[in-house]
2 protein chains.
Amino acid sequence: MPYTLHRGDALTALAGIPDNSVDAVITDPPYNSGGRTSSERTGRSARAKYTSADAEHDLANFPGENRDQRSYGFWLTLLLTESYRATVESGTALVFTDWRQLPTTTDAMQAAGWTWRGIASWHKPVSRPQKGRLKQSCEYIVWGTKGPVDANRNPVYLPGLYTASQPRKGRVHITQKPVEVMQELVKICPPGGTVLDPFTGSGTTGVAALREGRQFIGVELSAHYADIAEARLHNALTQDDFELAGPEE
Amino acid sequence: MPYTLHRGDALTALAGIPDNSVDAVITDPPYNSGGRTSSERTGRSARAKYTSADAEHDLANFPGENRDQRSYGFWLTLLLTESYRATVESGTALVFTDWRQLPTTTDAMQAAGWTWRGIASWHKPVSRPQKGRLKQSCEYIVWGTKGPVDANRNPVYLPGLYTASQPRKGRVHITQKPVEVMQELVKICPPGGTVLDPFTGSGTTGVAALREGRQFIGVELSAHYADIAEARLHNALTQDDFELAGPEE
DNA sequence: CCTTGCGATGAATCCATAT
DNA sequence: GATATGGATTCATCGCAAG
């Protein structure tokens, strides 16, 4: 089976994954961001924080958006430590973050043992303009490796900037990533290797991995999204991901 | 006189600038990056670190590239603290950094009292691809304000991503910024207001400020670059910046 | 098939009001 | 008084229908 989807908590599920069994960790954890005060960040739902008041869509909320700053760093470090253990030597980690959590993410990655190698940017052309300010039109991909880079094992040249809008048609998750961006990023994993995503969500990383000929291990806490991911992963194997989430490229 | 150029050390010169006299601090401090180890960073000259071994240009070296990580953070905090004092309420700071110093820069900005507001990206399309890696094609602009944003005083909508290559023809400084990017960024300062750049270098920020109808206060330690900046600023006032640095847009 | 126009929306941000 | 919640703001971009 080219993919496995675990249902449940990320840390718990990671504990069951063997040492040195994964080639790349590619994930988009909940940011626990948004809002000026601690109560705004930890008390409000993802939907309340991140979607427009007048948006007509009715996408499900997602869990894990209630940690304060200090606890977020601690938790992310634990998570990246377990991921590090599961990863082979010279394996790679790509972790999405927003501007607020970027410094915490680079700290956590290094605290977990990874060698921090850089930052790539995902530019979203459709983003909210703001009077008297610079627009926040990018999210960031913090990346690192377990030990040295082995460029000969996987001689790819990847861009440092990815421009793509969030899917609009057939979107099933509030923070769903464009599959074309993920299809580029999974190439950091050698062909036939295994990609791990402890926060699978609607499963875009997995779909991208399967389409590009990589294997996939996912973990998702929410039963709602685990069901969706399961269906999308299944469809990706039959080259037919169109039923549930619409054409994505 | 719409511009003033101080010659000497940034911290010393900032001490002489009155409280609440500046509307925006826009600067590109030496990054003290490049090189994985402390000795690689502090022992090599800026030229050796930031230019290819076979580059044919003969740009002067620049000082201030010999601090270790901890000392860099401390020094940048001092600098941003003095800049904060010199800035009016609701004034803005834009600080360039590379990926390595990004977390240190956001820490220093907040330690100095600024409210950190976000990160913008400068994308350099012409950058070296690297085998087995994601390209480092962006530098970052960490920005913040002294207290609340006053959007009504300066109702501009600025992008979060700037794409432009480093000047090639007529480049006079190793890390010279494209003037078209700086002309966008100086708009964060209200028209007729004053822009401060404690690391003037060849003066691109000043040229951009003058072209956009802002006043400029610069500081430059190196006599070589102070001379160049002086000439470029003078020429900018006569709408003729082409002699010394070539066409830049 | 290409062009034009209309409508919807964003991992935002802030403030007024309610508890 | 501190915290929680709802709503208004804002425009480049993009999907979609009409011409």
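Just so we're on the same page: letters track the sequence lines, and every chain starts at 1. Computed from heavy atoms alone, side chains included, the values below leave out hydrogens, waters and symmetry copies.
Salt bridge status for Arg41(A) with Asp68(A): absent, with no side-chain N to carboxylate O gap under 4.0 Å. Using a 4.0 Å cut-off between charged nitrogen and carboxylate oxygen, Asp227(A) and Arg7(A) count as a salt-bridge pair.
How far CD of Gln101(B) is from OG of Ser33(B): 4.0 Å, rounded to the nearest 0.5 Å.
Regarding Glu184(B), its CD atom lies at a distance of 13 Å from the P atom of dA12(D), rounded to whole Å. The distance between atom CG of Asn61(A) and atom P of dT5(D), rounded to the nearest whole Å, is 13 Å. With rounding to whole Å, Arg47(A) atom CZ is found 18 Å from dA4(D) atom C1'.
The closest side-chain donor-acceptor pair between Tyr162(B) and Glu180(B), if any, does not fall under 3.5 angstrom.
In summary, of the residues considered (Arg171(A), Lys124(A), Lys177(A), Gln176(A)), a side chain to side chain donor-acceptor pair (under 3.5 Å) with Gln166(A) occurs for Arg171(A) alone.
For dT3(D), the paired nucleotide is dA18(C), the pair qualifying as Watson-Crick or G-U wobble because both relevant distances are below 3.5 Å. With a cut-off of 3.5 Å on both pairing distances, the Watson-Crick or G-U wobble partner of dT9(C) is dA12(D).
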Begin from the C-alpha positions of Lys146(B) and Asp23(B) and carry the test salt bridge (Lys or Arg N to Asp or Glu O under 4.0 Å) through to its verdict. CA-CA 10 Å; Lys146(B) 180 169 179 173; Asp23(B) 297 283; over 6 Å; no

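In terms of phosphate contacts, Lys131(A) brings a side-chain nitrogen or oxygen within less than 4.0 Å of OP1 or OP2 of dT10(D).
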Could you encode protein contacts along nucleotides 9-19 of chain C as a string, one character per nucleotide from 5' to 3', using B for base contact, S for sugar-phosphate-only contact and - for no contact, with a heavy-atom cut-off of under 4.0 Å? BBBBBBB----

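Sequence order on DNA chain D of the closest nucleotides to Ser165(A) and Tyr157(B) puts Tyr157(B) first from the 5' end.
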